[in-house]
Amino acid sequence: MTSPPAGSPQTTAWSLPADAQPQSPPSLSGPTTYSEAELVALLRSKSQTAFSYLYRAYGDVLYGVVNKVVPDEGIAEDVLQEVFVKIWAHIDQYDVAKGRIYTWMLNIARNTAIDKLRSKGEIMRGKIRGDEETVSITRTDLNTEQSTDTIGVRQAVAELEPRYAQIVQLAYFQGYTLDEISKVLTVPLGTVKTRMRHALQSLRKHFSR
Amino acid sequence: MDIQAYIQSGILEAYALGALPADEAAKVGALVSAHPGLHAELETLQDTIRSYAEASAKTPPHDLEARIWRTIEASRSISNDTSYTSTSVDSLRDRRDGARVMPLPVTEQPRASASFARAAVWAGLVGSLILNAVLWQQAHTARERLASLETRRVREATLFASQLSDRDQRLNAYALMKYLMADPDVSTVRLENLRPDAVRASIVFQNKRSGTAYLAVQKLPAPPPGKQYQLWVLESGSPKGIAMLHGGANATTLEDIQLVPVAVAQGEAFAISIENVGGALTPTADQIVMLGKVRA
């Protein structure tokens with residue numbers, strides 16, 4: 001084991017370590033979009049190229065999920081860092097038979113963020129965040145790189161019925177279990193599941209247009 | 001089983017949204033693996049969630065990419081050996097916050113073993129100077145590891161620690177250290193202070209045969225607010241968190257030594273790092289304050 005760096009964090013300009021070898025990933029179909037298999041191969045190469053691609057292609061989505069769970073941007077950035085470190089460290093254990101790598105990464109992001117939320121004691125039981133937080137996607141800092149497709153999706157999401165948006169918010173972004181949601185909303189467990197189904201069916205319809 | 005009814009129930013949606021506790025999620029996962037119809041349905045749901053996540057996409061600050069790459073590079077030699085195979089959104093029900101002792105989710109009961117008969121002898125000798133509770137860092141372990149011997153040992157050590165704190169103490173930690181030092185099976189690992197900013201001293205007394213060890217904290221300054229010391233063992237090149245420490249121990253005399261029992265069968269090195277309360281899954285590279293290599 002190499003000695004961990006002692007003392008203060010690096011203050012020098014960022015540069016590649018001497019032994020870094022940017023590797024060209026095997027047989028890629030295009031410069032900017034890789035298939036799942038290519039992406040996995042790329043990540044397993046552990047090259048800086050791989051990281052850059054991963055960050056640029058998925059950083060926004062992962063950060064978006066993290067930030068919805070952990071509203072504080074400073075903490076969200078820390079979480080995002082943890083997420084990429086985990087993805088990097090565990091890519092060898094990713095099992096393609098268990099599902100898509102995109103989902104795998106999203107789950108790491110979501111779970112890490114929920115962990116952070118819990119460890120910071122920010123989950124407030126009984127307080128349900130307003131529907132407007134999930135329904136209104138108006139942002140003053142719209143990234144100009146984002147395509148009109150994405151904007152279209154956001155509008156679609158804005159049409160989701162409030163009680164469905166709420167269920168998704170509670171479960172996915174706040175980490176409540178079925179049981180907890182049932183208690184918090186004072187509806188039977190079966191109803192919670194049904195609402196979840198309707199929520200996702202509804203979303204599915206929007207996205208398949 | 002009625003696949004359609006199962007799909008209609010919304011249980012897959014609950015699974016995909018991460019709203020199921022670990023045991024229920026495991027059952028769903030198993031069913032999904034066994035039924036292609038369920039697998040296909042789940043795939044569609046996960047697709048939908050991906051699209052929904054994309055709707056919330058947000059560009060992180062510009063410099064974050066470089067920062068993250070630096071961290072990845074720095075932690076390149078420290079990799080976590082935690083299994084991470086599942087794509088299910090595992091429930092976090094098993095996680096407890098750092099303020100309580102955390103039993104690990106194993107179903108088997110701890111059984112007396114020769115190593116703990118030995119430990120029981122030690123238990124009878126330990127004084128009441130174990131001032132703080134021992135907390136266990138629970139990593140995200142794959143379900144396969146839950147049944148492992150290693151986990152059982154950790155669980156037994158957790159019970160052992162709680163017995164120690166309950167016991168009426170007769171001898172102090174100094175006396176225990178005398179026994180530890182006299183025990184031919186026990187080897188010592190002196191941890192080196194990596195930072196000159198404060199005095200730090202601790203030793204690990206390790207019994208490789210029994211798989212138990214004691215961290216003797218002689219001197220550690222109080223951690224910064226919101227932070228906690230975490231003890232790690234390096235096994236096969238991967239760091240594994242094995243204990244959280246409460247507070248710092250400022251002792252200048254041997255009698256004040258804090259002894260923290262931990263379960264570790266083997267390892268190449270021990271380290272103490274400063275992490276956020278509750279601990280981390282991998283040590284923060286520039287927050288490792290003590291490190292000691294185990295002699296072969």
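Note: hydrogens, waters and symmetry copies are ignored here, and every other heavy atom, side chains too, is used. The chains referred to below are lettered A, B, ... by the order of the sequence lines, with proteins before strands, and numbering in each begins at 1.
Neither the backbone nor the side chain of Pro196(B) comes within contact range of chain A; no heavy atom of the residue lies under 4.5 Å from a heavy atom of that chain. When heavy atoms are compared at a cutoff of 4.5 Å, Gln201(A) approaches chain B solely by way of its side chain, counted from C-beta outward. Contact annotation for Leu42(B): neither backbone nor side-chain heavy atoms come within less than 4.5 Å of a heavy atom of chain A. With a threshold of 4.5 angstrom between heavy atoms, Gln8(B) approaches chain A through its backbone and through its side chain. In this structure, chain B has a heavy atom under 4.5 Å from the side chain of Leu106(A), while its backbone stays farther away. With a threshold of 4.5 angstrom between heavy atoms, Tyr55(A) approaches chain B through side-chain atoms but not through N, CA, C or O.
Aromatic ring centres of Phe51(A) and Phe84(A) lie closer together than 6.0 Å.
Applying the side-chain hydrogen bond (donor to acceptor under 3.5 Å, both in side chains) rule to pairs touching residues 184-195 of chain A yields nothing, sequence neighbours excluded.
The pair Glu77(A)-Arg67(B) meets the salt-bridge criterion, with a side-chain N (NZ, NE, NH1 or NH2) lying under 4.0 Å from an Asp/Glu carboxylate O. We find that Lys58(B) and Glu73(A) are joined by a salt bridge, their nearest charged nitrogen and carboxylate oxygen being less than 4.0 Å apart. Salt-bridge formation is not detected for the pair Asp115(A)/Arg118(A): no Lys NZ or Arg NE/NH1/NH2 atom is positioned less than 4.0 Å from an Asp or Glu carboxylate oxygen.
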Step-by-step ring pair (Phe, Tyr, Trp, His ring centres under 6.0 Å) determination, Tyr58(A) to Tyr102(A): CA-CA 9 Å; Tyr58(A) 295 97; Tyr102(A) 193 171; 4.9 Å; yes

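Note on Gly64(A), Ser52(A), Gly190(A): by heavy-atom pairs under 4.5 Å with chain B, the leading option is Gly64(A). Your options are Asp197(B), Val289(B), Leu64(B), and the one with the most heavy-atom pairs under 4.5 Å with chain A is Leu64(B).
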